[in-house]
Amino acid sequence: MPISQAVLDHARVNRNMLDMLLKDVEDERMAAQPAAGMNHPAWIVGHLAVSWEQASRWAGAGYRAPQGWLAKFDMGSRLLTGRAEYPAKAVLLAELDRGYGSVTPVIENLSDAALADVMPTEGFRGFLPTVEHGLVFGMTGHYLYHLGQLSAWRRAMGLPSAMGV
């Protein structure tokens, strides 16, 4: 059985939630840091975009993040606070959508055998033993973790709840 339609639907819901969280955030505030070390929207969106490259490797898709984006946005990258250090909000969101659009059609068509393959990224195998575990986590848990950071950032910036709660 291919990856669950519910997982793919959840990935679309997450993307819509991101839009809700960013709808009233002006481009010039995307790298604002209301508390030291707090991930800001520019880094969060860029990080979610480059995470599609990891998913692409696991799924055998062809998506690659733009030159220099992994160094700027991947795990362990250094958070910068200057707005000029990051692409524009529209560019970040467009790249996120490019990754999603490139990888999810491949994920939808992965065979049971491909989904059951051992996680190729050794450091993740302890908690994500198969490709399917990695893809499901990437499209759900990982994404939601960073949406939570974005929600906390909004509150720290004095912005209202984007979802009415």
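If you read the sequence from its start, that first residue is 1, and numbering goes on from there.
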Undergrad: May I ask whether Y145 and F137 are part of the same hydrophobic cluster, defined by side-chain heavy atoms of I, L, V, M, F, W, Y residues being less than 4.5 angstrom apart, directly or through others?
TA: no
Undergrad: With the side chain counted from C-beta on, respond yes when L93 and L22 share a heavy-atom pair under 4.5 Å apart, and no when they do not.
TA: yes
Undergrad: If you take all heavy atoms of Q54 and F124, which pair is closest and at what distance?
TA: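 Smallest heavy-atom distance, with atoms named: NE2-CE1, 3.6 Å.
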Undergrad: Nearest 0.5 Å, please: how far is CD in Q149 from CD1 in I44?
TA: 5.0 Å
Undergrad: Just verifying a value: how many Å separate L147 CG and L48 CG, rounded to the nearest 0.5 Å?
TA: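 Here the interatomic distance stands at 6.5 Å.
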Undergrad: Is the backbone of V103 close enough, under 3.5 Å, to the side chain of S56 for a donor and an acceptor to pair up by distance?
TA: no
Undergrad: Closest approach of S102 and A61, non-hydrogen atoms and distance?
TA: O-CB, 4.2 Å
Undergrad: Write out all pairs satisfying salt bridge (Lys or Arg N to Asp or Glu O under 4.0 Å) with one or both partners inside residues 94-111, taking only residues at least two apart or from two chains.
TA: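 Qualifying pairs: R15-D97, E95-R98.
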Undergrad: May I ask you to decide if the ring planes of W52 and Y100 are parallel, tilted or perpendicular, using 30° and 60° as cut-offs?
TA: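 Aromatic pair W52/Y100 classed perpendicular.
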Undergrad: Specify the closest pair of heavy atoms between L110 and A59, including all atoms of both residues, with the distance to one decimal.
TA: CD2-O, 3.5 Å
Undergrad: Distance from M139 atom CE to I107 atom CD1, nearest 0.5 Å?
TA: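 Atom-to-atom, M139:CE and I107:CD1 are 4.5 Å apart.
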Undergrad: In sequence, state the C-alpha distance, the side-chain angles, and the governing distance for R154 and D24, and then conclude on side-chain contact (heavy atoms from CB on, under 4.5 Å).
TA: CA-CA 10 Å; R154 287 181 61 83; D24 58 350; 2.6 Å; yes
Undergrad: Group every Ile, Leu, Val, Met, Phe, Trp and Tyr by side-chain heavy-atom contacts under 4.5 Å, then state whether F127 and W58 land in the same group.
TA: yes
Undergrad: Show every donor-acceptor pair shorter than 3.5 Å between a side-chain atom in residues 66-75 and any protein atom, with sequence neighbours excluded, or say none if there are none.
TA:
residue	atom	partner	partner atom	Å
K72	NZ	E85	O	2.3

Undergrad: Could you measure the distance from the OG atom of S161 to the CE atom of M20? Nearest 0.5 Å is fine.
TA: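 The OG atom of S161 sits 8.0 Å away from the CE atom of M20.
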Undergrad: Should R29 and L159 be marked as a side-chain contact (heavy atoms from CB on, under 4.5 Å) after you check the CA-CA gap, both sets of side-chain angles, and the distance that decides it?
TA: CA-CA 12 Å; R29 295 181 81 187; L159 295 170; 3.9 Å; yes
Undergrad: Would you say that H40 contacts M157 through its side chain, given a criterion of any heavy-atom pair below 4.5 Å between the two side chains?
TA: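 No, too far: nothing below the 4.5 Å cut-off.
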Undergrad: Do L18 and L96 have side chains that get closer than 4.5 Å, going by heavy atoms?
TA: yes
Undergrad: Do T130 and L115 touch side chain to side chain, with heavy atoms closer than 4.5 Å?
TA: no
Undergrad: Give a yes or no answer on whether the side chain of N14 reaches the backbone of L144 with a donor-acceptor pair at less than 3.5 Å.
TA: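 Pair absent, no side-chain N/O of N14 close to backbone of L144.
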Undergrad: Which pairs of donor and acceptor atoms, one on a side chain in residues 31-38, lie under 3.5 Å apart (sequence neighbours left out)?
TA:
residue	atom	partner	partner atom	Å
Q33	NE2	M38	O	3.1

Undergrad: Hey, are the side chains of W153 and V25 touching, using non-hydrogen atoms and a 4.5 Å cut-off?
TA: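 In short, these two side chains touch, coming nearer than 4.5 Å.
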Undergrad: With rounding to the nearest 0.5 angstrom, report the CG to OG distance, D117 to S111.
TA: 7.5 Å
Undergrad: Does a side-chain heavy-atom distance below 4.5 Å link R64 with R57?
TA: yes
Undergrad: Write down the atom of P87, the atom of L92, and the distance for their closest heavy-atom approach.
TA: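 Between these two residues, the closest heavy atoms are O-CD1, 3.4 Å.
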Undergrad: Which is it for Y86 and W43 under the ring pair (Phe, Tyr, Trp, His ring centres under 6.0 Å) test, yes or no, and what are the steps along the way?
TA: CA-CA 8 Å; Y86 293 97; W43 186 87; 8.7 Å; no
Undergrad: More than 12 heavy atoms of other residues, nucleotides or ligands under 6.0 Å from CD of E122: yes or no?
TA: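 Open.
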Undergrad: For the OG1 atom of T104 and the CG atom of N109, what is their distance to the nearest 0.5 Å?
TA: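 That separation rounds to 10.0 Å.
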Undergrad: List the atom of A114, the atom of V131, and the distance in Å for their closest heavy-atom pair.
TA: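 Reported closest heavy-atom pair: O-CB, 3.6 Å.
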Undergrad: Side chains of H10 and V136, heavy atoms from C-beta outward: is any pair under 4.5 Å?
TA: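 A side-chain contact under 4.5 Å is absent here.
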Undergrad: Would a 4.5 Å heavy-atom cut-off, applied to side chains only, mark M163 and L21 as touching?
TA: yes
Undergrad: Within the distance-only criterion (no hydrogens, no angle test), does the side chain of R83 pair as donor or acceptor with the backbone N or O of D27 below 3.5 angstrom?
TA: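 Yes.
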